[in-house]
S.K.: 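Shown below is the structure under consideration.
A quick note: this is a predicted structure, and the numbers were derived from the prediction, not measured. By convention here, the first residue in the shown sequence is residue 1. One-based numbering, in listed order, for ligands and for the atoms of each. When reading the values below, keep in mind they use all heavy atoms of this one structure, side chains included, and skip hydrogens, waters and symmetry mates.
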Amino acid sequence: MDLSNLPRVPIAFLPTPIQPLPRLSTRIGGPTLWAKRDDQTGLAFGGNKVRKLEYFLGEAIAQGADTLITTGAPQSNHARQTAAVAARAGLKCALVLRGDPPAKTTGNILLDRLLGAELVWTGTRSTSDVMDEVADELRARGQRPYRIPLGGSSAVGAVGYVAAISEFVEQSQTARLRFDAIVFATSSGGTQAGLVVGARQMEYTGRIIGISVDHRAEEFKRTLASIANDTAERLGLSPSFDASDFDVRDQYLGGGYAVMGEPEREAIEIAAQSEGLLVDPVYTGRALAGLIDLVRKGELKLGQNVLFWHTGGTPALFAYARQLTKE
Ligand SMILES: Cc1ncc(COP(=O)(O)O)c(C=O)c1O
């Protein structure tokens, strides 16, 4: 598998480390747990999107763009990482964020501002209408915008996670470790699609379990297959993925996207207090809560090596300070 002919600007600190979590393993009682630290990709609090954005930026520059545009929820990690990548590359950035500006500028929104992005709020309007409008306005001002889809989840971005699994397989071979399962937060799908495409190429045969933070599994698996097939085609591979190739768990949606409940709070506290490891209320806290539940139910068990692929998101912790401290 040769990714070297695709336009890419190397920005992330790679490889991210794989860290043992002995105290967390003991605390939960079951498999040996490890973390792949993609919260440490090295740019503005890190996260999984930096791997995808390296490829988007490559394309944007090849097309002569001078401004990145993307969209997301108010506390979008993807938006913040896009703003950081734009700053790093000397480009401008416009972020179309859903809804109205919150009363308090905190978490990712604070960082978006510090990183110099222009924030546009959709109010009650559709994201795609506002994206079109912003792109038109930028062009009218003489700028050359490049649009990045929600979550960076297209074939261009998912390639970042095809490369990531190859990095992971190399690390596990060097350490003579065999992982039985990878568990992580899945949402717009590019991370999971890329991992599954890469795993087939790299012959990683362990399980790849996506803990959904916002979608029901059935329809989402079809979305994953579609991103995976586009990604495979981009890489000159056979586009032969279907919904059955994806393991998505939707039992952990709780009160819905970005609604922190007791399982997320417990996961945040256990990780912080047993390992000094921070996870967030929206994505990685929910994914870790799912992992803990799979251990408690005996699906992941003693004798196995389980990798928690930490995808970042920690700046959102600050936006949840009141709920987390019960003040
Ligand atoms: C911290 C974090 N983890 C996981 C994800 C999910 O990744 P994907 O959108 O590629 O499914 C996101 C997406 O926004 C995220 O911000």
Side-chain angles (χ1 to χ4, degrees), residues 16 35-41 43-56 70-85 95 97-98 107-108 111-112 148-165 182-198 208-215 217 220-221 223-228 230-231 246-250 252-253 257-258 260 264 267-268 271 277-291 308-317 319-320:
T16 56
K36 172 86 169 141
R37 300 294 304 271
D38 276 13
D39 57 322
Q40 303 289 326
T41 46
L43 189 68
F45 289 106
N48 60 337
K49 308 301 180 174
V50 182
R51 290 188 188 267
K52 301 179 179 186
L53 286 162
E54 290 191 335
Y55 289 91
F56 284 114
T70 199
T71 184
Q75 281 296 335
S76 167
N77 299 299
H78 165 68
R80 178 250 312 162
Q81 287 162 90
T82 302
V85 162
L95 301 175
L97 302 178
R98 278 201 299 272
N108 283 303
L111 301 178
D112 296 341
I148 299 173
L150 177 79
S153 285
S154 63
V156 174
V159 167
Y161 270 86
V162 177
I165 198 127
I182 297 173
V183 181
F184 57 97
T186 188
S187 174
S188 63
T191 301
Q192 188 160 6
L195 288 175
V196 168
V197 171
I208 298 178
I209 304 175
I211 305 291
S212 177
V213 304
D214 48 4
H215 304 294
F220 184 54
K221 286 184 193 181
T223 304
L224 288 168
S226 158
I227 303 171
D230 290 350
T231 307
F246 298 91
D247 186 345
V248 175
R249 307 301 172 99
D250 62 6
Y252 306 107
L253 298 174
Y257 176 74
M260 189 186 69
E264 290 84 16
I268 290 169
L277 180 72
L278 298 176
V279 294
D280 80 282
V282 183
Y283 295 94
T284 48
R286 186 161 285 180
L288 186 58
L291 188 160
F308 173 61
W309 201 308
H310 191 323
T311 48
T314 45
L317 275 170
Y320 287 77

S.K.: Under 4.0 Å, heavy atoms only, figure out whether ligand 1 is touched by the backbone of Ser76, its side chain, both or neither.
M.R.: neither

S.K.: Apply side-chain hydrogen bond (donor to acceptor under 3.5 Å, both in side chains) to residues Ser153 and Lys52 and explain how you reach the verdict.
M.R.: CA-CA 8 Å; Ser153 285; Lys52 301 179 179 186; 3.1 Å; yes

S.K.: Within the 4.0 Å heavy-atom shell around Thr191, which atoms of ligand 1 are there?
M.R.: 7 (O), 8 (P), 10 (O)

S.K.: Can you tell me which residue and heavy atom of the protein come closest to atom 7 (O) of ligand 1, and the distance to 0.1 Å?
M.R.: Asn48 ND2, 3.1 Å

S.K.: Taking the side chain from His78 and the backbone from Leu150, do they hold a donor-acceptor pair closer than 3.5 Å?
M.R.: no

S.K.: Using the six-membered ring of Phe45, assess whether NZ or CZ of Arg80 lies under 6.0 Å from its centre and within 45 degrees of the ring axis.
M.R.: no

S.K.: Report, in ascending order of atom number, the atoms of ligand 1 lying under 4.0 Å from any heavy atom of Gly190.
M.R.: 10 (O)

S.K.: Any non-hydrogen atom of Gly189 lying under 4.0 Å from ligand 1?
M.R.: yes

S.K.: Using heavy atoms and a threshold below 4.0 Å, how should the contact between Lys52 and ligand 1 be classified: side chain, backbone, both, or neither?
M.R.: side chain

S.K.: Please report the C-alpha distance between Thr311 and Asp38 in whole Å, then the side-chain angles of each, then the deciding distance to 0.1 Å, and finally whether the side-chain hydrogen bond (donor to acceptor under 3.5 Å, both in side chains) criterion is met.
M.R.: CA-CA 5 Å; Thr311 48; Asp38 276 13; over 6 Å; no

S.K.: Name the orientation class of the two ring planes belonging to His215 and Phe220 (parallel below 30°, tilted from 30 to 60°, perpendicular beyond 60°).
M.R.: parallel

S.K.: Counting C-beta onward and ignoring hydrogens, is there a side-chain heavy-atom pair between Ile209 and Val248 closer than 4.5 Å?
M.R.: no

S.K.: Write out the residue and atom name of the closest protein heavy atom to atom 9 (O) of ligand 1, then the distance separating them to 0.1 Å.
M.R.: Ser188 OG, 2.5 Å

S.K.: Of all the atoms in ligand 1, which lie at a distance below 4.0 Å from a heavy atom belonging to Gly313?
M.R.: 1 (C)

S.K.: Please round to the nearest 0.5 Å and tell me the distance separating atom CH2 of Trp309 and atom OH of Tyr161.
M.R.: 6.5 Å

S.K.: Would you say Asn77 and ligand 1 have an N/O pair spaced under 3.5 Å apart?
M.R.: yes

S.K.: Distance under 4.0 Å to a non-hydrogen atom of Ala185: what atoms of ligand 1 satisfy this?
M.R.: 4 (C), 6 (C)

S.K.: For Asp247, does its backbone N or O pair with a side-chain atom of Gln192 as donor and acceptor, under 3.5 Å?
M.R.: yes

S.K.: Just to confirm my output: which protein heavy-atom neighbour is closest to atom 8 (P) of ligand 1, and how far is it?
M.R.: Lys49 NZ, 3.5 Å

S.K.: Check step by step if side-chain hydrogen bond (donor to acceptor under 3.5 Å, both in side chains) holds for Asp250 and Ser212.
M.R.: CA-CA 5 Å; Asp250 62 6; Ser212 177; over 6 Å; no

S.K.: Quick check on contacts: which atoms of ligand 1 are under 4.0 angstrom from a heavy atom of Gly312?
M.R.: 1 (C)

S.K.: In the protein, which heavy atom is nearest to atom 3 (N) of ligand 1, and how far is it?
M.R.: Thr311 OG1, 2.6 Å

S.K.: Suppose I only count heavy atoms of Thr186 and a 4.0 Å limit; which atoms of ligand 1 are within that range?
M.R.: 11 (O)

